[in-house]
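We use all heavy atoms of the structure for the numbers below, so side chains are in, but hydrogens, waters and symmetry mates are not. Keep in mind it's a predicted model, so treat the numbers as computed, not measured.
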Amino acid sequence: AGGGGTGGDGAGGDGAGGAGAPTLTLSVRKGFPDLWGEGADHIRGGSVPGSVKFFVTSLDQGDEATFVAASGNAEAHYEGTLRGALLLEEPRHIIPRVSGNIDLTSTVSVSGASRGSFTYHGHLAPEGGLYVTNDRLLISSLDDAVIRFLRLRFGNAAALSADDALTIIRANRVCVDHSSLAWAADETFTVQTAVESTYVDIIAQNNILGQCRDGHNTGTLIGWTSEGDNAHGEVSWHNNVYVGVTHRTPNFAGDTEMYGRVFNNVAYDWQHRLTNVVGAPTVDVAYNYYRMGPASPSVPPSNYNQYQDLQGSRPYPPSIFTEGNIMPGVLTDDSADNQVLWSYFGSADPLPAALFRATRLPIDPLVGYEPTTAQAAYDRNVVSKEAGANRSTDGSGNAVVGHDSVDDAYLTAIAAGTDPRTDEADWVHPVVASSPAYPDANWNGLADSFEATHGITSADQVIREWDFGDFVMVNDAGYDAFEIYSAWVAGDFERLRP
């Protein structure tokens with residue numbers, strides 16, 4: 001499968017969409033077809049029985065949520081603000097019908113079991129998308145959330161060592177995909193520290209994680225990093241681009257049953273360290289691309305990957321698998337011994353061989369992420385600009401592909417080897433213009449033109465065979481018509497197709 005999966009979805013033989021048209025077969029139901037990582041088949045987001053559609057129709061930063069009863073051909077649905085959609089206590093698909101800037105004056109805190117089971121379809125917004133600014137998104141104590149194509153940059157109002165752009169705490173079955181996060185003041189995006197917490201089926205993929213404020217310009221913490229612990233769970237972290245952060249790309253902490261797969265990420269222009277393994281987790285840090293930049297033209301070995309020994313509270317070591325990482329100017333042979341990229345925290349002292357495993361963690365044969373080479377990950381996410389919130393829709397409901405000026409500058413700087421950082425005084429949020437939403441006469445989330453092309457009679461309809469012209473998609477996974485439309489706009493089938 002082109003998205004990096006191990007075989008659950010993939011190419012088949014010739015299809016019926018034209019002479020010799022290849023076939024893509026979807027065989028496993030996930031939060032969306034191009035979701036890859038351990039537990040992806042347990043993540044549903046808003047795709048659960050009784051789910052409603054919530055259309056974001058206002059750029060106001062309040063919590064408006066108005067129920068609209070069915071009338072004529074229009075289905076029952078909610079309308080209101082993004083905050084209102086996130087705080088609704090029902091399973092829901094969140095679909096933007098406006099483009100523009102949402103300027104927050106307070107944190108959007110989505111907390112509690114009743115607010116779980118949602119999917120944010122940011123790519124279905126009109127051209128330009130939604131852009132959330134001036135505060136953060138906090139998701140806590142809930143299960144089953146899918147966030148796609150979120151663009152959120154806090155800004156210089158963020159409080160140092162206090163404010164991430166996106167924080168997930170005590171939540172399970174969560175995926176963040178193709179999102180653009182930056183300009184915070186603690187970490188950019190963190191799976192928050194919490195004693196005695198589980199992190200079951202957390203997946204982050206295809207995101208751009210940009211700089212934070214000077215003084216605490218860090219990327220990601222995963223798990224619990226202090227003396228009290230017992231954090232455990234299953235985390236997949238792949239194809240994310242860290243750009244202009246000084247360290248934590250990411251940090252990974254926990255006890256022996258905290259499992260992590262940190263694959264195919266790109267880190268550019270770091271300064272203090274890359275991945276820091278804390279405590280005693282079981283983690284693979286492999287096939288990542290580490291590129292120095294103007295702020296770090298010759299980072300010393302003590303600032304590569306590190307292990308922070310907490311054996312005073314946990315008298316047992318971590319278990320680390322590492323191979324295939326590339327660091328131009330230091331390590332360019334992806335078959336070379338990667339242990340040279342590791343040292344003890346705060347020193348250049350090498351780690352003993354006993355801390356390393358010779359084989360990586362097993363990968364789920366149906367939904368697990370099968371990594372590519374580090375070079376292929378760099379080419380995909382930086383050169384081809386796959387990472388980040390890079391999709392919205394035109395007035396007919398077709399995909400519009402492209403980054404905003406901030407992400408485009410980040411990716412251009414990485415490719416050119418230039419300074420990716422912007423002075424905090426110049427953190428000016430791009431203004432997103434108002435664009436028309438695609439026609440959706442029955443308020444079911446699908447563009448009318450897509451419904452007409454494919455003969456769709458209901459958003460809940462499960463159609464097995466889809467003709468996309470140059471390929472046929474066979475839907476043996478049971479995705480409904482709305483899920484297929486959302487995945488089509490998101491580019492899932494482009495990445496998966498033969």
Classify the side-chain pair Asp60/Ser58 by whether it contains a donor and acceptor separated by less than 3.5 Å.
no
Please confirm whether the backbone N or O of Thr220 pairs with a side-chain atom of Arg248, one donor and one acceptor, at under 3.5 Å?
no
Among all residues two or more places apart in sequence or in another chain, which pass the side-chain hydrogen bond (donor to acceptor under 3.5 Å, both in side chains) test with Tyr410?
Trp183
Under the criterion side chain to side chain donor-acceptor pair (under 3.5 Å), which of Asp177, Asn265, Asp34 is the partner of Gln205?
Asp177
Is it true that the side chains of Asp164 and Thr167 contain a donor and an acceptor less than 3.5 Å apart?
yes
Given Asn264 and Thr372, is the side-chain hydrogen bond (donor to acceptor under 3.5 Å, both in side chains) satisfied, shown in steps?
CA-CA 7 Å; Asn264 283 166; Thr372 64; 3.1 Å; yes
Any donor-acceptor pair under 3.5 Å linking the side-chain atoms of Asn206 with those of Arg380?
yes
Distance (rounded to the nearest 0.5 Å) between Phe118 CZ and Ile147 CD1:
4.5 Å
Under 3.5 Å, is there a donor-acceptor pair between the Asp103 and Thr133 side chains?
yes
Beyond-backbone contact of His178 with Glu386, side-chain heavy atoms, under 4.5 angstrom:
yes
Output a table of donor-acceptor pairs, distance under 3.5 Å, between side-chain atoms of residues 68-75 and any protein atom two or more places apart or on a different chain; print 'none' if there are none.
none

Ring centers of Phe482, His121 separated by less than 6.0 Å:
yes
Less than 4.0 Å between a side-chain N and a carboxylate O, is that true for Arg391 and Glu494?
yes
Looking only at side-chain N and O atoms, does Tyr369 offer a donor or acceptor that is under 3.5 Å from a partner on Asn239?
yes
Under the rule for side-chain hydrogen bond (donor to acceptor under 3.5 Å, both in side chains), what residues qualify as partners of Arg92, not counting sequence neighbours?
none
Mind checking what makes side-chain hydrogen bond (donor to acceptor under 3.5 Å, both in side chains) contact with Thr57, not counting sequence neighbours?
none
Ring pair (Phe, Tyr, Trp, His ring centres under 6.0 Å) with Phe493: of Trp488, Phe468, Phe32, only one passes, and it is Phe468
Under the side-chain hydrogen bond (donor to acceptor under 3.5 Å, both in side chains) test, residues paired with Asp201 that sit two or more places apart
none
Would you sort out whether Arg148 and Asp492 count as a side chain to side chain contact (heavy atoms under 4.5 Å, CB included), showing the intermediate values?
CA-CA 12 Å; Arg148 304 198 75 187; Asp492 288 16; 2.8 Å; yes
Salt bridge (Lys or Arg N to Asp or Glu O under 4.0 Å): which pairs involve residues 233-244, sequence neighbours left out?
Glu234-Arg261
